[in-house]
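In the text below, chain A, chain B and the rest are named by the order of the sequence lines, each starting its count at 1.
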Amino acid sequence: MSETNLSGVKHIVLVLSGKGGVGKSSVTTQLALSLVEKGFKCGIMDVDLTGPSIPRMLGLDGHQVHQSSKGWVPVYADSKQNLACMSIGFLLTNKNDSVVWRGPKKTAMIKQFLQDVCWGELDYLLIDTPPGTSDEHIATIENLKEYSPDGAVVVTTPQGVAIADVRKELSFCKKVKLPVLGVVENMSGFVCPHCTECTNIFASGGGEAMAGEYGIEFLGRVPIDPGFTMMVETDGDGSYVNSFEKSNLFPIFKTISSRVVELTPSQ
Amino acid sequence: MSPPHSEENVPENAPEHCPGTESDQAGKASACAGCPNQNACATAPKGPDPAIPLITARMASVKHKILILSGKGGVGKSSFTSQLAFALAHDEDSEVGVMDVDICGPSIPTIMGLEGEQIHQSNSGWQPVFVQENLGVMSIGFMLPNKDDAVIWRGPKKNGLIKQFLKDVDWGTLDFLLVDTPPGTSDEHLSVASYLKESGIDGAIVITTPQEVALQDVRKEIDFCRKVNIPILGLVENMSGFVCPNCHGESVIFPPTTGGAEALAKEMNIDLLGRIPLDPRIAKSCDMGVSFMDEYPDSPASAAYEAVIDKLQARFQ
């Protein structure tokens, strides 16, 4: 295979859900930061074209991308350049502008993202996706076929209405022969700061039960942490990239990322 | 790389001498070679869509068409749509329809207690599935042989189904048709906007949660509405605070770091219809397919829903 922009990427992991708003982008961000903390070089590709959340989470709102002779240069979230990122968010002149594209144009953009970003040498490329099983997902799988992605981390919240959509996503993975590395159950319980009683705001247990039913690894339960939202919406020196290790969720993602590393052995 | 531009007849990053996506030469001109859109342009039908007059005829007996939108996923569009539908249908003289155009993740059948139901065809078209006599629902959820099957459709196929929902469903005479949408600003949204252009959309209710990551996407949705001339009825802030059922202490789960929906409403010059707090029984009601307001009328969230719905009903008096 001739040298391409993805040739230096050792592992490709997609982060999927059938359901919107379950925390795909926040799980992608925390997983990436956790892998970087372990010493891996990571990239995040944000293929949510109409609702790109990754730039904000990495404190990179307002950054722009540059072109080099080899293609687009990703935006680095850290000074050591261990975490690279590409998102359509960086290409919008005004972040309030809607990207009102039909399928074919979205497909073409994703192809460009996958072919033209010079990632260099990466241990992990995480791909954050929009909800659903449509153009973006089909385009991503088609363009990654020759690179044999390691698999998908599927994110859900515990309640039935989310699980119903995520089952469809698992069906999608099966159809396109994408291995499922495991399920993360997000927003799993909220511990009241006043009385420490845990309330299952979005029901409970659905993710683990579903993983069991499908014979898929249950990677872990991530509780609701308002501190996370505060940290992730801070820019500059206080950005999440710099404060991640102080987050309540850091130990949980340390475990999840360890498991992901075990499940993606180097060839 | 020039910034992306919204879909117009000659897209900004089209090849030089692009004949325009609606032209007879679309996809066939020499300038089209190499353009990623070439195939789509060449195969798309040109000229006025014959379905539009049929849709307009169906919609003639629908008094008010309301879209429920958000740029962001998971903010509660479907739960709000269904709650609004249940509430409007309390008035037995009011006829309400819910059209679920989320093709990949259709939540409405579950939330409205219609899981497992099927669509029947009659001479007058597809029959909606009825929750009660004056509340009918249409969703792809009713058409899947196995509810776990993924619907892996590209844009054009999704558009085709939405067209059928509008053209072939015998909604009858409706006071309200509520259209629940998936997150984003893509095929489904463009299709609903264009198919209903002639018959007219009364407006859109935009749902958000308080944090900036959601508001960012919602700004884009508002921009979309303005681009396609859909009036915005107002903004609803969902998941706005949490009251612990144990100690009644208040917590903020999705902090409004940039002022929440209130600030966004001011910024974008739209109405803030209301704020709905988190109540774990809302998720439970959605999963069980029952109306939360009917099950738990004493919840602060029910009062909040009622305030928003009253405001909306007043608009249409």
*Would you name the heavy atoms of A/L14 and A/L178 that are closest together and state the gap between them?*
CD2-CD2, 4.1 Å

*Under 4.5 Å heavy-atom distance to chain A, tell me which part of B/D223 shows up: side chain, backbone, both or neither.*
both

*Quick one: do B/V206 and B/I232 satisfy side chain to side chain contact (heavy atoms under 4.5 Å, CB included)? Show the steps, please.*
CA-CA 7 Å; B/V206 182; B/I232 296 173; 4.1 Å; yes

*Between chain A and each of B/C286, B/S79, B/C247, B/A283, count heavy-atom pairs under 4.5 Å; write down the option with the most.*
B/C247

*Name the region of A/T199, side chain, backbone, both or neither, that has any atom closer than 4.5 Å to a heavy atom of chain B.*
side chain

_Between A/F228 and A/Y240, is the ring centroid distance below 6.0 Å?_
yes

*For the candidates A/H137, A/K175, A/E197, A/K168, which exhibits the highest count of non-hydrogen atom pairs separated by less than 4.5 Å from chain B?*
A/K168

_Part of A/P52 lying under 4.5 Å from any heavy atom of chain B_ = both

*Which heavy-atom pair separates B/E188 from B/N159 by the least distance, and what is that distance?*
N-OD1, 4.4 Å

*asked:* Is B/I152 in contact with chain A via its backbone, its side chain, both, or neither, using a 4.5 Å heavy-atom distance?
replied: both

*Heavy-atom distances under 4.5 Å only: say whether B/M268 touches chain A with side chain, backbone, both or neither.*
neither

_Engaged part of A/N96 at the chain B interface, taking heavy atoms whose separation is under 4.5 Å_ = both

_B/K163 and B/D49: CA distance, side-chain angles, deciding distance, salt bridge (Lys or Arg N to Asp or Glu O under 4.0 Å) verdict_ = CA-CA 10 Å; B/K163 193 188 280 193; B/D49 189 338; 2.8 Å; yes

*asked:* Ignoring hydrogens, what is the shortest heavy-atom contact between A/A77 and A/V241? Give both atom names and the distance.
replied: O-CG1, 3.6 Å

*Side chain, backbone, both or neither: which part of A/V22 has an atom under 4.5 Å from a heavy atom of chain B?*
neither

*Please flag which part of A/P131 lies under 4.5 Å from any non-hydrogen atom of chain B: side chain, backbone, both or neither.*
side chain

*Is the shortest heavy-atom distance from the side chain of A/S17 to the side chain of A/E169 under 4.5 Å?*
no

_chain A contacts, top residue of B/S251, B/P106, B/G71, B/G76 (heavy-atom pairs, under 4.5 Å)_ = B/S251

*Can you say whether A/D225 sits under 4.5 Å from chain B via the side chain, the backbone, both, or neither, judging by heavy atoms?*
neither

_Residue A/Q159 versus chain B: region with a heavy atom under 4.5 Å_ = both

*Should A/R167 and A/E213 count as an ion pair when the cut-off is N to O under 4.0 Å?*
yes

*Contact class of B/T110 relative to chain A, heavy atoms under 4.5 angstrom*: side chain

*Is there a salt bridge (Lys or Arg N to Asp or Glu O under 4.0 Å) between B/E295 and B/R281 once you walk through the steps?*
CA-CA 9 Å; B/E295 295 289 308; B/R281 296 168 299 183; over 6 Å; no

_Region of A/K106 in contact with chain B, defined by heavy-atom distances below 4.5 Å_ = side chain

*Which residue out of B/G73, B/C244, B/G155 racks up the most heavy-atom pairs below 4.5 Å with chain A?*
B/G73

*Could you tell me which of A/S134, A/G132, A/P104, A/A162 has the largest number of non-hydrogen atom pairs under 4.5 Å with chain B?*
A/S134

*Which atoms of B/K158 approach chain A - backbone, side chain, both or neither, heavy atom under 4.5 Å*: side chain

_Minimum heavy-atom distance between B/A214 and B/K72, given as atom pair plus value_ = CA-CD, 3.6 Å

*asked:* Tell me which of these, A/I224, A/D48, A/I138, A/D61, has more heavy-atom pairs under 4.5 Å with chain B than the rest.
replied: A/I138

*asked:* What part of A/T107 gets within 4.5 angstrom of chain B, counting heavy atoms only: side chain, backbone, both, or neither?
replied: side chain

*Choice from B/Q216, B/M239, B/E221 maximising heavy atom contacts with chain A below 4.5 Å*: B/Q216

_If I measure from the heavy atoms of chain B, does A/F202 come under 4.5 Å with its side chain, its backbone, both, or neither?_
both

*asked:* Under 4.5 Å from any heavy atom of chain A, what part of B/T209 do you find: side chain, backbone, both or neither?
replied: neither

_Chi angles and distances behind the side chain to side chain contact (heavy atoms under 4.5 Å, CB included) call for B/L161, B/M143_ = CA-CA 11 Å; B/L161 184 67; B/M143 299 163 66; 3.8 Å; yes

_Could you check whether any side-chain heavy atom of A/T157 comes within less than 4.5 Å of a side-chain heavy atom of A/E185, counting everything from C-beta outward?_
no

_With chain A as the partner, which of B/T258, B/D217, B/D187 has the greatest number of non-hydrogen pairs under 4.5 Å?_
B/D187

*Do B/L264 and B/R219 have side chains that get closer than 4.5 Å, going by heavy atoms?*
yes

*Of all of B/A150, B/P255, B/P156, B/G105, which one pairs up most often with chain A through heavy atoms under 4.5 Å apart?*
B/A150

*If you tally heavy-atom pairs under 4.5 Å against chain B, which of A/K24, A/M230, A/H194, A/R56 wins?*
A/R56

_Please find the pair of heavy atoms, one from A/V99 and one from A/T50, that lie closest to each other, and give the distance._
O-CG2, 3.4 Å

*How about B/V151 and B/L144: do any of their side-chain heavy atoms sit closer than 4.5 Å?*
yes

_chain B contact via A/D165 - which portion, at a heavy-atom distance below 4.5 Å_ = side chain

*Do you know which two heavy atoms are closest between A/I141 and A/F172, and how far apart they sit?*
CG1-CZ, 3.9 Å

*Identify which part of B/N246 has an atom lying under 4.5 Å from any heavy atom of chain A, answering side chain, backbone, both or neither.*
side chain

